Amino acid sequence: MGTPPDPSLALCARDVRKSFQIGGREIEVLHGAHLELKCGERLCLMGASGAGKSTFLHVLGLLEEPTEGEVWLQGKSAWTLSMADRAALRNRHIGFVFQAYYLLPDLSALENVVLPVRIAHSYGSVRFNKSRHEAEAAELLTKFGLGERLRHRPNQLSGGERQRVAVARALILGPEILIADEPTGNLDTGTGERVLDLILDEQRERALSLLLVTHDQRLSRRCDRTLIMEDGQIQADSTVVIPQ
Ligand SMILES: Nc1ncnc2c1ncn2[C@@H]1O[C@H](COP(=O)(O)OP(=O)(O)OP(=O)(O)O)[C@@H](O)[C@H]1O
Ligand SMILES: [Mg+2]
C-alpha cells in the first residue's frame, strides 16, 4: 500500500487498472489511471466514448473493484478495506449521480431520497428517524422544485424531475464528494441546464468536491479544471483550464 496522499485531496486514485473477462479473454479498459480531486473543487472529466470514463468513475465511487491500483479518501485506501467498511465509507462520503438516474421504481420520490439514510442506519452510522429524515428529504426535494411530487413514483416523473430526485438522494447524507456521470446526458438542453445549475449551486453552498463526466464543452467551462481520458488513461498534459 502506498503512502497516504496530501489531506487537501478529497479523493486520490493511483495507477488504477481494470480488466473485464469477455468470452474467456481478458480485456484491460483502464491502463493505470491517476486522478487527484482537491477539496472543494469542480473537476471535469472528458474523453471519447469508450475511453473508460464511467468505468473509472465506478472505481473512484467505490462501486466497482479495480484489478490494480489505489483509491484514497478520508485517509483510507478504500479498496484495502473490508466490503462492509468500504460500503459504509461510500454511503457517508460519496454521492453518485448516474446518467440513467437509477431510482427504485416501486419507491416514491421521497422514499428514494430517504433510502441512503436507511442504509446508513443498517451500517450503524446514522440512527434513522422516519419523521425527521422524511422532513429533511421533503425539504431538499422542495428546494429542488419537487414539493408537489413527493409521493410520485419515478415513472410518474419527467426525466429532469427524476434526475433532481437522484441528486437529492446523492446529497441527503451530506457527502463531501459528489460524482456525476453525464448527469444531463439523457435530458434536453434546457432541462439539462436546470439540473446542472442545481448541481453547481449545491457544490458551491456545500463546498462539495465535484467530479463530473460530460461530453458538453459548455459544462466543462463551468468547472475549475478539465482532465481528458484517452484509452484508459488520464492524459498527462490534460489539466486544461478552459477560459470562461
Ligand atoms: N462490465 C463490462 N464488461 C465488459 N466490458 C466493459 C464493461 N464495462 C465497460 N466495458 C468496456 O470498457 C470500455 C470503456 O467503457 P466505459 O463505459 O467506461 O466508457 P465511457 O468513456 O464511459 O464511454 P461513454 O462516453 O460512451 O459513456 C468499453 O469498451 C466497454 O465496452
Ligand atoms: Mg460513460
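Reckoned from all heavy atoms, side chains included, excluding hydrogens, waters and symmetry mates. Just so it is clear, the model here is predicted, and its values are computed rather than measured. For ligands, and for the atoms within them, numbers begin at 1 and follow the listed sequence.
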Any side-chain heavy-atom pair from Leu211 and Leu35 closer than 4.5 angstrom? yes
Does the side chain of Ile234 come within less than 4.5 Å of Ile228's, by heavy atoms? no
Between Arg14 and Gly69 (side chain of the first, backbone of the second, donor and acceptor by atom type, cut-off under 3.5 Å), is there such a pair? no
Is Leu212 close to Pro183 at the side-chain level, that is, under 4.5 Å between some pair of heavy atoms? yes
Are Leu227 and Gln235 packed together at the side-chain level, in the sense that at least one heavy-atom pair is separated by less than 4.5 angstrom? no
Cation over ring, Lys130 on Phe128, under 6.0 Å and within 45°? no
Output for pair (Arg164 CZ, Ile199 CD1), nearest 0.5 Å, gives 11.5 Å
Protein N, O or S atoms less than 2.8 Å from the Mg ion (ligand 2), ignoring waters? Ser54 OG
Where does ligand 1 get N/O contacts under 3.5 Å from the protein, atom by atom?
residue, atom, partner, partner atom, Å
ligand 1, 18 (O), Ser54, N, 3.4
ligand 1, 18 (O), Thr55, N, 2.9
ligand 1, 18 (O), Thr55, OG1, 2.6
ligand 1, 19 (O), Gly52, N, 3.4
ligand 1, 21 (O), Ala51, N, 3.3
ligand 1, 21 (O), Gly52, N, 3.0
ligand 1, 21 (O), Lys53, N, 2.9
ligand 1, 21 (O), Lys53, NZ, 2.7
ligand 1, 22 (O), Ser54, N, 2.9
ligand 1, 22 (O), Ser54, OG, 2.9
ligand 1, 23 (O), Gly50, N, 2.9
ligand 1, 25 (O), Lys53, NZ, 2.7
ligand 1, 25 (O), His215, NE2, 2.9
ligand 1, 26 (O), Ser49, OG, 2.5
ligand 1, 27 (O), Glu182, OE2, 3.4

For the pair Asp197 and Arg194, find out whether any cationic side-chain nitrogen is under 4.0 Å from an anionic carboxylate oxygen. no
Looking at side-chain heavy atoms only, is the closest gap between Gln99 and Asp181 below 4.5 Å? no
